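Contents: one structure, followed by commentary.
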There are 2 protein chains.
Amino acid sequence: MPALSIGDLARRTGVPVETIRYYERMGLLPKPPRTEGNYRAYETGHERRLAFVKRSRDLGFGLDAIRALLDLADGADRPCGEVDALARDQLAEVERKIADLTAMRAELQDMLGHCRADTVADCEIIGRLRGK
Amino acid sequence: MPALSIGDLARRTGVPVETIRYYERMGLLPKPPRTEGNYRAYETGHERRLAFVKRSRDLGFGLDAIRALLDLADGADRPCGEVDALARDQLAEVERKIADLTAMRAELQDMLGHCRADTVADCEIIGRLRGK
DNA sequence: TCTTGACCCTGTAGCGACTACAGGGTGCAG
DNA sequence: CTGCACCCTGTAGTCGCTACAGGGTCAAGA
């Protein structure tokens with residue numbers, strides 16, 4: 001299989017070109033070899049690594065956590081307790097955000113459900129933002 | 001009632017001093033009069049406005065939307081349809097985020113529930129991040 | 001009266017994770 | 001040989017703060 005250009009890699013992974021370059025700068029992806037014309041030339045190993053990063057991002061992991069996950073994934077013999085801990089931290093963070101957003105949703109729905117006025121003067125939404 | 005210092009206002013609203021100055025720079029709060037020593041001197045009107053901003057932020061409204069809400073709140077005769085639209089947009093945004101986070105949570109929980117291995121080589125979590 | 005310390009001021013830089021240029025070089029098809 | 005799509009680097013902007021640095025102000029206590 002021939003080497004992939006950054007654009008090819010972007011199409012295959014769904015990660016924008018600019019973001020791939022950004023991940024390289026941030027040390028999440030190794031610097032690939034270059035062609036004669038100074039274009040990045042990727043192999044399937046790079047594609048696998050980028051796919052790993054993308055799946056981790058889709059689960060909401062931060063770039064620091066992903067760096068740690070990549071390091072752990074590279075050492076097959078290491079205990080996976082650290083992986084577990086990172087995933088549990090991430091789950092806790094996601095649950096915290098869901099709780100916050102659920103409270104916001106409830107309040108917004110309640111506001112909207114009570115809005116019967118025509119003008120701002122009697123508007124329930126504005127009234128509540130003012131603090132009743 | 002005497003004028004409030006920025007620190008007093010921060011304590012009364014729970015909005016940090018730096019954030020109050022930031023809101024002023026962003027045009028969400030009017031520039032207050034100053035004391036002889038160039039300290040900001042706030043009145044209860046300022047406190048009400050800041051409380052409005054804080055409640056809006058707590059519901060997840062962006063600063064642009066809050067500027068719009070403040071403008072609308074200042075004109076009592078205006079129809080509240082625009083307010084309604086802003087609130088509905090915000091509710092839609094919150095619901096989108098909840099949906100994303102709920103999917104993340106499900107996947108993280110499932111990963112963690114299947115992790116029985118001792119080493120990274122057999123770790124279900126790493127395996128899934130690699131793409132099965 | 002002096003000094004300590006808490007508070008205030010402006011201006012600027014940093015955060016996370018991108019995204020969007022500007023200003024150029026490369027490579028291939030017609 | 002001329003377009004045009006793609007690639008390169010480097011820098012600046014996004015959002016909503018947050019954290020300084022380097023000063024000024026003010027009131028209480030010794």
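Numbered from 1 within each chain, the chains take letters A, B, ... in sequence-line order. Note that the structure is a prediction, hence the values are computed from the model and not measured.
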Inset, instruction - Say whether, by atom type as modelled, one donor and one acceptor occur between the side chain of B:R48 and the main chain of A:R130 under 3.5 angstrom. - result: no
Legend entry - 5' precedence on DNA chain C between B:R11 and B:R25 (nearest-nucleotide basis): B:R11
Inset, instruction - Could you pick out which residue, B:E36 or B:R57, lies toward the 5' side of DNA chain D when each is mapped onto its nearest nucleotide? - result: B:R57
Inset, instruction - Please examine the side chains of B:L28 and B:Y22, heavy atoms only from C-beta on, and report whether any two atoms are closer than 4.5 Å. - result: no
Inset, instruction - For A:D8 and A:R12, run salt bridge (Lys or Arg N to Asp or Glu O under 4.0 Å): C-alpha distance rounded to whole Å, both residues' side-chain angles, the deciding distance at 0.1 Å, then the answer. - result: CA-CA 6 Å; A:D8 295 334; A:R12 289 167 79 115; over 6 Å; no
Legend entry - Minimum-distance nucleotide (side-chain atoms of A:Y39 versus C:dA17, C:dG27, C:dC7): C:dG27
Inset, instruction - To the nearest Å, give me how far apart CG (B:L4) and P (C:dC7) are. - result: 15 Å
Legend entry - Sugar-phosphate only, base, or nothing, as touched by A:Y23 at under 4.0 Å among non-hydrogen atoms: sugar-phosphate
Inset, instruction - Start with the C-alpha gap between A:R67 and A:D71, add the side-chain angles, then the distance that decides, and say whether salt bridge (Lys or Arg N to Asp or Glu O under 4.0 Å) holds. - result: CA-CA 6 Å; A:R67 243 185 305 267; A:D71 280 357; over 6 Å; no
Legend entry - Rounded distance in Å - OH (A:Y22) to P (C:dA20): 15 Å
Legend entry - Whole angstrom value for the distance that separates C1' of C:dC18 from CG of A:L28: 12 Å
Legend entry - N/O (side chain, A:T19) to phosphate O (OP1/OP2, C:dT19) under 4.0 Å: yes
Legend entry - d(CG, B:D8; C1', C:dC7) in whole Å: 10 Å
Legend entry - Spacing of A:L29 atom CG relative to C:dC18 atom P, expressed in whole Å: 11 Å
Legend entry - For chain A, the stretch of DNA chain D it reaches, first to last nucleotide, under 4.0 Å of its heavy atoms: D:dC6 to D:dT9
Inset, instruction - Using atom types as modelled and distance alone, determine if a side-chain donor or acceptor of B:Q90 lies under 3.5 Å from a backbone N or O of B:L59. - result: yes
Inset, instruction - Round to the nearest Å and state the distance from A:I6 atom CD1 to C:dT19 atom P. - result: 14 Å
Legend entry - A:D100/B:K97 ion pair, N-O < 4.0 Å: no
Inset, instruction - Describe the nucleic acid contact of A:R40 in one word from base, sugar-phosphate, nothing, applying a heavy-atom distance below 4.0 Å. - result: sugar-phosphate
Inset, instruction - Take A:R21 and A:E24 through the salt bridge (Lys or Arg N to Asp or Glu O under 4.0 Å) test and state the conclusion after the steps. - result: CA-CA 5 Å; A:R21 286 198 280 249; A:E24 182 184 322; over 6 Å; no
